> 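Please see the structure below; I have some questions.
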Amino acid sequence: MVDLGGAVQRTADQLAEGRAGVVVAALADGAAELRAVGVATLDTVFELGSVSKVFTSLALAALVTEGQVELDQPLAELLPEAAGLRRNGIPVTLRQLAQHTSGLPRLPHGMLLPALFRPGRPDPYARLTEPVLLGTLRRTRPGAVPGSRFRYSNLGAGLLGLALARRAGTDYEGLIADRITGPLGLADTAVTPADPSRLAQGHNGGGRPVPGWHLAALAGAGGLRGTAGDLAGFLRAQLEPEQSPLAAAIALSRTPEHRLNPFSWIHLGWMGQRLHPRQGGHLQLWHNGATGGFASFVGFDPERGTGVAVLSSTQRSVDSAGGALLTELSTAVG
């Protein structure tokens, strides 16, 4: 029998040092435990960063199951402004955007990765309104034949969110509310928090307060905010899909598989890995995230029924602690 509460508290205490606020949530044996340390509470809303991508990809799967789009549909059929995103005559597709195999660069034309986390840099994505973002596509070409290799792309994920929202006749926030958070009852996950007073103050890696990020038209890449409780609910739907209104979409989101190496791969949004037998050989599906003042991790083991979510209001990685807790829980229930 796993000591779920004790394991979650140990992880939270471990992460507390050097971080303003942390919330850890975990599921095992059908139970859930959450712990908050520092200035955070269980009601604190955090920037989720790239954890937003698994919501965007699940929205893609939902629209596919509804018959509104197809996985291998060219992006340009939803966003005509993307007609030039092709190489060797092969266009970028929705599947490739969700699996980071489109060949698109990590960031829109004119943005530099080192500048994103420069101390004190205010809201680097805020200028990327829809006209500005789509305008950058005129100077953008895939660096590889679409579908041929993995290349992580915030640009691609953002375009996916924008294209799906346009097809659904709404904006990105409405898309996620209608297809994901509404059906799952995740009231605190949105681009704009219902109660802004619950949004944590973010801090850079050195502990200095920094402005929040607003990803504008690139919101599908990392614009969501939410609580650890909502992420626990999202994980429960992943672990018990047959009890979820999104069962078909969840199943589809884990069907496509692009291999990165013999031990890791990517589905739609979710990164996958099989741990070495010396580590228990457990299956882990996961994603992490970071903005200028926040860090996040969410992962689960569908074979053992365990899941972990970690949110921090300091921009220092929580991946190692989150992954270690997930491994510990999967080993304990096995």
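On a predicted model such as this, the values are computed, not experimentally measured, just so you know. Throughout, residue positions are numbered sequentially from 1 according to the sequence presented.
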> If only side-chain N and O atoms count, and only distance matters, is there a donor-acceptor pair under 3.5 Å linking Thr189 with Thr181?
no
> Regarding Thr101 and Gln96, do their side chains bring together a donor and an acceptor under 3.5 Å, going by distance alone?
no
> Compute the centroid of each ring, for Phe300 and then for Trp270, and state whether the two points are separated by less than 6.0 Å.
yes
> Between Glu66 and Arg179 (salt bridge meaning N to carboxylate O under 4.0 Å), is one present in this structure?
yes
> Please lay out, stage by stage, how Thr11 and Glu328 fare under the test side-chain hydrogen bond (donor to acceptor under 3.5 Å, both in side chains).
CA-CA 11 Å; Thr11 300; Glu328 176 185 349; 5.3 Å; no
> Would you mind checking if Arg316 and Glu17 are paired as a salt bridge, meaning a charged N to carboxylate O distance below 4.0 Å?
no
> Does a donor on one side chain and an acceptor on the other come within less than 3.5 Å for Lys53 and Ser50?
yes
> Just how far is it from atom CG of Leu231 to atom CZ of Phe55, taken to the nearest 0.5 Å?
5.5 Å
> Would you say the side chains of Thr327 and Gln284 form a donor-acceptor pair under 3.5 Å?
yes
> Taking Arg166 first and then Asp171, would you say they form a salt bridge - that is, a charged N and a carboxylate O separated by under 4.0 Å?
no
> Nearest 0.5 Å please: distance from the CG atom of Leu159 over to the CG atom of Leu134.
7.0 Å
> With sequence neighbours excluded, give me every salt bridge (Lys or Arg N to Asp or Glu O under 4.0 Å) pair touching residues 21-43.
Glu33-Arg35
> For atom CZ of Arg139, decide whether the heavy atoms of other residues, nucleotides or ligands shown that lie under 6.0 angstrom number more than 12.
yes
> Counting only heavy atoms from other residues, nucleotides and ligands, does the tally under 6.0 Å from OH of Tyr152 exceed 12?
yes
> Looking only at side-chain N and O atoms, does His267 offer a donor or acceptor that is under 3.5 Å from a partner on Thr255?
no
